[in-house]
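Have a look at the structure below before the remarks.
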Amino acid sequence: MQETLVDHPAFAQGAGTAAGGAEIAFQVIPFVLIFVIMYFLILRPQQKRVKDHQTLLKSVRRDDTIVTNGGLVGRVTKAADDAAEIEVEIAPNVRVRVVRTMISEVRAKGSVKAA
């Protein structure tokens, strides 16, 4: 009752599958499809949103009305193109410096409503 290595069941299992590469391809296809779907539904719109926000931040000028991430609404009194901070008037004679990246919205010039 001596078995040879060739007759062992472990060797016999791999001998009949000539299309092993096709099985791997069918296992990889779902992952590729998931990545493509994630790219078009999540990554691409987020990249577009970031690009639009950077354009918005670069276009901030004096007398623009802005809304910060914290909810403050004010009028820009001083803004340099290369400066990381801008000066915003949030009430008469009350000016604060705001980091440019914390701006969430830019409204039209002169659209501040008196409360």
Side-chain angles (χ1 to χ4, degrees):
M1 272 225 141
Q2 188 177 15
E3 292 184 24
T4 62
L5 291 177
V6 177
D7 294 335
H8 198 273
F11 289 107
Q13 288 176 356
T17 59
E23 291 176 10
I24 292 173
F26 284 121
Q27 291 175 356
V28 172
I29 288 174
F31 292 110
V32 171
L33 289 175
I34 289 170
F35 179 75
V36 168
I37 290 169
M38 281 182 49
Y39 176 76
F40 283 107
L41 293 179
I42 297 171
L43 297 174
R44 191 168 175 221
Q46 180 64 24
Q47 289 173 347
K48 184 180 183 302
R49 214 173 295 127
V50 167
K51 185 178 177 183
D52 291 344
H53 189 254
Q54 288 175 347
T55 304
L56 175 109
L57 294 179
K58 289 179 183 177
S59 68
V60 173
R61 300 287 176 245
R62 190 171 180 225
D63 291 330
D64 284 350
T65 301
I66 64 162
V67 179
T68 64
N69 288 340
L72 291 175
V73 179
R75 184 177 55 87
V76 177
T77 56
K78 190 187 299 182
D81 288 334
D82 57 348
E85 296 178 348
I86 61 172
E87 188 175 276
V88 178
E89 185 175 29
I90 57 174
N93 297 324
V94 178
R95 294 182 178 170
V96 295
R97 291 185 318 181
V98 177
V99 177
R100 191 179 286 261
T101 57
M102 297 305 289
I103 296 172
S104 63
E105 181 183 348
V106 176
R107 296 184 179 172
K109 291 184 179 183
S111 68
V112 173
K113 296 179 182 177

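- The side chain to side chain contact (heavy atoms under 4.5 Å, CB included) with I103 is formed by just one residue from the set T101, V106, V99; it is V106.
- For the atom pair CZ (R95) and NZ (K78), the distance works out to 8.0 Å, reported to the nearest 0.5 Å.
- Grouped with L33 in one hydrophobic cluster are F26, I29, the linkage being side-chain heavy-atom contacts under 4.5 Å among Ile, Leu, Val, Met, Phe, Trp and Tyr residues.
- Here T77 pairs with E87 under the side chain to side chain donor-acceptor pair (under 3.5 Å) rule; sequence neighbours left out.
- In this structure, the side chains of I66 and V88 come closer than 4.5 Å at one or more pairs of heavy atoms.
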V98 and V96: CA distance, side-chain angles, deciding distance, side-chain contact (heavy atoms from CB on, under 4.5 Å) verdict: CA-CA 6 Å; V98 177; V96 295; 4.1 Å; yes
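- The salt bridge (charged side-chain N to carboxylate O under 4.0 Å, His left out) check on K48 picks up D52, with sequence neighbours excluded.
- No salt bridge links D82 with K58; every basic N to acidic carboxylate O contact stays at or beyond 4.0 Å.
- Annotation: side chain to side chain donor-acceptor pair (under 3.5 Å) contacts of N93 (sequence neighbours excluded): none.
- Remark: R100 pairs with no residue by the salt bridge (charged side-chain N to carboxylate O under 4.0 Å, His left out) rule, at least two apart or across chains.
- Placement of M38 and V36 in two distinct hydrophobic clusters is found when ILVMFWY residues are connected by side-chain heavy-atom separations under 4.5 Å, directly or transitively.
- With values rounded to the nearest 0.5 angstrom, D64 atom CG is found 8.5 Å from R61 atom CZ.
- The backbone N or O of E105 lies less than 3.5 Å from no partner atom in the side chain of H53, so there is not a single donor-acceptor pair.
- Counting only residues at least two apart or in different chains, side chain to side chain donor-acceptor pair (under 3.5 Å) contacts with residues 32-47 comprise Q46-R49.
- Counting only heavy atoms from C-beta outward, the side chains of I86 and V60 approach each other to under 4.5 Å.
- Side-chain atoms of T65 do not come within 3.5 Å of backbone N or O of R75 as any donor-acceptor pair.
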